[in-house]
Amino acid sequence: MEFGMILILFVASIPTILAEDISYGTIVVDGTTSIAQTDDNFVCATIDWWPHDKCDYKQCPWHYTSAITLDLSHPILTKAIQAFNRLRIRIGGSLQDQVLYNVGNLKSPCHPFRKMKHGLFGFSKGCLQMKRWDELNHFFNATSVMLTFGLNALYGRHKIKGSLWGGEWDSSNAQDFIKYSISKGYQIDSWEYGNELSGNGVGAHVHADRYGKDLIHLKKIIKELYRGSQFEPSLVAPGGFFNQQWFTKLLQVSGSNVLDAISHHIYNLGAGSDPKLVSKILDPNHLNKVANTFINLARTVQTHGPWSSAWVGESGGAYNSGGPHVSDTFVNSFWYLDQLGMASKYQTKVYCRQTLIGGNYGLLNPQHMFQTPIITGKK
């Protein structure tokens, strides 16, 4: 899939959009030359873990759209996904590193997410029951989804100081979860390790050398568990904001052919509460600032990890659930098109939009679709 033409058309149209006096001209597009090549499943959307009581700016825009409560039987959801032919979906988000998988010899009680004053992001750990995991996979199989699933990278760790977490990652829960998925024949395209733990992190962070060693360990687990299988899922990480020194260290420590894709997150419009969101979206100079991130990441990958490819694992424009009355309107399309073009130009192979549904930045509007929770049974 090539987005060179989209980028040219979008950039060329911005001056006209912003001009006070509309002038007419001729745009010539050379469609014979390719400037970049993306993965066949370049377009991706996310499903998050946020419960319905995740609230920002005096509103609660998530409804019942989390991976745990989303109504998988709704015909609009099914038709929307099928319209992409084969849509890549990434399950992950801020609460990802607090998800427990209720399978095997789980060492902790497995309860639903609940608000907790001193919990990470204000929530407790949450539970993914295997009955719900079965339901998700049956739905994904029926809609031909290509699935990327984000694993819990804080399991077994403890907070050391500030937002720094240390200690050994306890891989037992993830290993049991992967084993269960294999036993059921679930087709997971890629396992992603951790969410926004790079650099100084968001809420929590882990040192790059420790993270790199975890990736070596996880790669061994994947290879061992999928030995003899016709397909081995890719390993993706770190799913965080780009920090050149941290990402470089990660690739150096993990070494050759461990990390298949290096994923990063982008929220280049700032906070969803910013009253200047619209002007930022319509300002090409502001949108172009994030090009440095793409350029520096591409150089880092080429220099220290040419065996891996660059992914945008999550991008919603404005953070904290997006901007109300902006992220959910037509004007946000200009930011999205610009991002698709820029990402592809700098050799990004996958671009995951936050979200498929949920928050103010969802591609689908949840307000009239999912008003009541779906209650699922235990394992």
Side-chain angles (χ1 to χ4, degrees), residues 1-3 6-7 10 36 38-50 61-63 65-67 70 76-77 79-94 96 140 143-150 189-190 192 195-196 236 239-242 261 263-270 272 277 280-281 287 290 293-294 297 309-324 326-346 348-366 369:
M1 186 182 299
E2 298 173 1
F3 282 85
I6 290 178
L7 178 66
F10 179 69
T38 66
D39 187 85
D40 289 339
N41 298 93
F42 174 71
V43 175
C44 164
T46 68
I47 294 178
D48 214 299
W49 293 102
W50 286 121
W62 286 91
H63 304 276
T65 61
S66 80
L70 183 60
I76 293 179
L77 181 66
K79 291 178 180 178
I81 292 175
Q82 289 176 331
F84 284 88
N85 188 20
R86 196 177 187 202
L87 177 65
R88 181 186 295 277
I89 286 182
R90 177 235 184 197
I91 294 183
S94 297
Q96 171 182 321
F140 293 148
T143 52
S144 300
V145 161
M146 178 177 283
L147 183 63
T148 295
F149 187 92
D189 176 76
S190 44
E192 186 177 35
N195 183 82
E196 296 181 353
V236 184
F241 292 98
F242 179 66
S263 56
H264 68 118
H265 295 179
I266 291 178
Y267 286 88
N268 60 314
L269 298 178
L277 272 184
K280 285 182 177 180
I281 291 171
L287 296 179
V290 77
T293 297
F294 285 106
L297 177 60
S309 58
W311 287 19
V312 172
E314 182 182 313
S315 184
Y319 59 80
N320 279 354
S321 305
V326 178
S327 297
D328 52 356
T329 64
F330 174 76
V331 72
N332 201 48
S333 303
F334 296 104
W335 160 80
Y336 189 32
L337 285 174
D338 183 75
Q339 279 283 289
L340 290 176
M342 187 180 294
S344 59
K345 178 182 178 181
Y346 294 110
T348 301
K349 300 303 181 184
V350 171
Y351 188 100
C352 296
R353 164 69 180 260
Q354 174 83 344
T355 60
L356 175 64
I357 185 167
N360 292 303
Y361 35 38
L363 295 172
L364 298 176
N365 186 344
M369 293 175 62

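In this chain, residues are counted from 1 in sequence order. Given the structure is predicted, the values throughout are model-derived calculations rather than measurements.
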Checklist entry - Are Trp311 and Thr148 close enough that some pair of their side-chain heavy atoms sits under 4.5 Å apart? => result yes

Item to check | Close side-chain approach of Leu363 to Ile357, heavy-atom, < 4.5 Å | outcome: no

Next on the checklist: Looking at Lys280 and Leu269, would you say the former's side chain and the latter's main chain have a donor-acceptor pair under 3.5 Å?
Outcome noted: yes

Item to check | side-chain contact (heavy atoms from CB on, under 4.5 Å) between Lys349 and Phe42, intermediate numbers included | outcome: CA-CA 6 Å; Lys349 300 303 181 184; Phe42 174 71; 5.9 Å; no

Next on the checklist: Using modelled atom types and a 3.5 Å cut-off, is there a donor and acceptor pairing between side-chain atoms of Asn41 and backbone atoms of Arg86?
Outcome noted: yes

Checklist entry - So, do Phe149 and Glu192 sit near enough that their side-chain heavy atoms are less than 4.5 Å apart? => result no

Checklist entry - For the side chain of Ser263 and the backbone of Gly239, is there at least one donor-acceptor N/O pair under 3.5 Å apart? => result yes

Next on the checklist: Let me confirm one number: the CG-OG distance from Asn360 to Ser321, rounded to the nearest 0.5 Å.
Outcome noted: 6.5 Å

Next on the checklist: For a quick test of reading the model, state the closest non-hydrogen atom pair linking Pro324 to Gly272 and the distance between them.
Outcome noted: CD-O, 3.7 Å

Checklist entry - Hey, are the side chains of Val350 and Val43 touching, using non-hydrogen atoms and a 4.5 Å cut-off? => result no

Checklist entry - Is there a donor-acceptor pair closer than 3.5 Å between any side-chain N or O of Ser315 and the backbone N or O of Ile266? => result yes

Checklist entry - Taking atom CG of Leu77 and atom CG of Leu70, what is their separation to the nearest 0.5 Å? => result 5.0 Å

Checklist entry - Of the non-hydrogen atoms in Cys44 and Leu87, which two are nearest, and what is the gap between them? => result CA-CD1, 4.2 Å

Checklist entry - Is His264 close to Phe294 at the side-chain level, that is, under 4.5 Å between some pair of heavy atoms? => result yes

Checklist entry - Does the gap between the ring centers of Tyr319 and His265 come in under 6.0 Å? => result no

Checklist entry - CZ/Arg90 to SG/Cys352 distance, rounded to the nearest 0.5 angstrom? => result 7.0 Å

Checklist entry - Quick one: does Ser344's side chain have a donor or acceptor within less than 3.5 Å of a partner on Gly341's backbone? => result yes

Checklist entry - Is any side-chain heavy atom of Thr348 closer than 4.5 Å to a side-chain heavy atom of Thr38? => result no

Next on the checklist: Could you check whether any side-chain heavy atom of Trp49 comes within less than 4.5 Å of a side-chain heavy atom of Ser94, counting everything from C-beta outward?
Outcome noted: no

Checklist entry - Can you check whether Asp48's main-chain N or O pairs, donor with acceptor, with Thr46's side chain at less than 3.5 Å? => result no

Next on the checklist: Has Asn195 got a side-chain atom pairing as donor or acceptor with Gly93's backbone, closer than 3.5 angstrom?
Outcome noted: yes

Item to check | Between CG on residue Leu356 and CD1 on residue Ile89, distance to nearest 0.5 Å | outcome: 5.5 Å

Checklist entry - At what distance, to the nearest 0.5 angstrom, does CG of Leu340 lie from CH2 of Trp335? => result 8.0 Å

Next on the checklist: Quick check with a 6.0 Å cut-off and a 45 degree axis cone: is Arg353 positioned over the face of Tyr336's six-membered ring?
Outcome noted: yes

Item to check | Plane angle bin for Tyr361 and Trp62 - parallel if under 30°, tilted between 30 and 60°, otherwise perpendicular | outcome: perpendicular

Next on the checklist: Set out, in order, the CA-CA distance, both residues' side-chain angles and the distance that settles side-chain contact (heavy atoms from CB on, under 4.5 Å) for Thr355 and Glu314, then state yes or no.
Outcome noted: CA-CA 8 Å; Thr355 60; Glu314 182 182 313; over 6 Å; no

Checklist entry - Can you tell me how far CZ of Arg88 sits from CG of Leu147, rounded to the nearest 0.5 angstrom? => result 9.0 Å

